[in-house]
Each structure stands twice: as structure tokens, then as C-alpha cells.
Amino acid sequence: QVQLVESGGGSVQAGGSLTLSCAVTGGIDSYYCMGWFRQAPGKEREGVAVIYSGGTTHYVDSVKGRFTISLDKAKNTVILQMKVLKPEDTAMYYCAADSVGRATRRTLWTADSYNDWGQGTQVTVSS
């Protein structure tokens, strides 16, 4: 059974950094696309960063230049490096995976494009 397990969340002050990891049991190579989404209280879940199996990455405008998504295929892990964190980055962060090919350029920010999800890891940024 495939599982996505996030880690690395925590509390930091504005301007700080955190690195989130998503361990994928069953192997990363089975996935067409992996992504990180986040959801703040009272808000909809939004896509933050996406990486395709070939290495192409996409970022939502609000995190460009601050967040970096990468794959460590040897460790079956998806990594999200977050720098210059802002209070508005506070949210539960979820790892998501698409094994079907639904996450196209038009739909990669749509949660329904991903068929496997982790339980989430909390990121809190204080001002």
C-alpha cells in the first residue's frame, strides 16, 4: 500500500527557513507528478509547488524565489525547502501524488488531479 508521510514542519519566526520532507513508500518512480499543497484555517487548499518525474517544476507566484521542490529518488522522498518564510505561509502542508497523469499544465494546481495524499505537517510562521 502506498503511503505518503510528511515531516519537517514546525514553528519559526518570519524570515526563517524550514525543510519539509515527504517519504513515499512504494517508490517515487510510480508517480507522474508530485506536489505540495497547503491549507490555512478557513481557506481552501492551494497548490504551492509541483515537480514532474522528469524534473520540471512549477511554483505558485506567492512562493517563487523562496521555495524549492526537489526529488531524492534514492530515498523516495520529495523535499520542499522554504526560505524567507512569512506569516501568510502558515498552514498545514500536504504532500500529494499523481500516478494517473491527471496533473497536466492546466490542472496541476487542482487538488482533484492527485490521487494520493499525506496526513499533513503544520507550519507556523510568527511575525
Could you list the donor-acceptor pairs under 3.5 angstrom formed between side-chain atoms of residues 28-36 and any protein atom two or more places apart in sequence or on another chain?
unit_1, atom_1, unit_2, atom_2, d
Ser30, OG, Gly27, O, 2.9
Tyr31, OH, Asp116, OD2, 2.8

*Just jot down the ring-ring contact (aromatic ring centres under 6.0 Å, His included) partners of Tyr114, sequence neighbours excluded, or say none.*
Phe37
*Qualifying side-chain hydrogen bond (donor to acceptor under 3.5 Å, both in side chains) pairs with a residue from residues 8-19, counting only residues at least two apart or across chains*: none
_Residue pairs fulfilling disulfide (SG to SG under 2.5 Å) with at least one residue in residues 82-123, sequence neighbours excluded_ = Cys22-Cys95
*Pairing residues for Lys43 by the salt bridge (Lys or Arg N to Asp or Glu O under 4.0 Å) criterion, not counting sequence neighbours*: none
*asked:* Is there a side-chain contact (heavy atoms from CB on, under 4.5 Å) between Asp98 and Ser113? Walk through the geometry before answering.
replied: CA-CA 7 Å; Asp98 168 25; Ser113 297; 5.6 Å; no
*Just jot down the side-chain hydrogen bond (donor to acceptor under 3.5 Å, both in side chains) partners of Thr110, sequence neighbours excluded, or say none.*
none
*If you look only at pairs with a residue in residues 49-89, which of them pass as a disulfide (SG to SG under 2.5 Å), with sequence neighbours excluded?*
none
*Output yes when a side-chain donor or acceptor of Glu6 lies under 3.5 Å from a complementary backbone atom of Gly120, and no otherwise.*
yes
*asked:* Hydrophobic clustering (ILVMFWY, side-chain heavy atoms < 4.5 Å, transitive) - are Ile79 and Tyr93 grouped together?
replied: no
*Asp61: partners by salt bridge (Lys or Arg N to Asp or Glu O under 4.0 Å), with sequence neighbours left out*: Lys64
*Tell me the side-chain hydrogen bond (donor to acceptor under 3.5 Å, both in side chains) pairs involving residues 80-90, sequence neighbours left out?*
Arg38-Asp89, Arg66-Asp89
*asked:* Does anything in residues 96-127 form a disulfide (SG to SG under 2.5 Å)? List the pairs, not counting sequence neighbours.
replied: none
*What distance do Met92 atom CE and Arg45 atom CZ have between them, rounded to the nearest 0.5 Å?*
9.5 Å
*Within a strict 4.5 Å, meaning less than it, do heavy atoms of the Arg102 and Thr104 side chains meet?*
no
Acceptor/donor pairs from residues 67-74 side chains to any protein atom, 3.5 angstrom cut, sequence neighbours excluded:
unit_1, atom_1, unit_2, atom_2, d
Asp72, OD1, Ala74, N, 3.2
Asp72, OD1, Lys75, N, 3.2
Lys73, NZ, Ser53, O, 3.2

*Distance (rounded to the nearest 0.5 Å) between Leu4 CG and Thr25 OG1*: 7.0 Å
*Go through the structure and list residues passing ring-ring contact (aromatic ring centres under 6.0 Å, His included) with Tyr59, not counting sequence neighbours.*
none
*Which distance, rounded to the nearest 0.5 Å, do you find between the CD1 of Ile51 and the CG of Leu108?*
12.5 Å
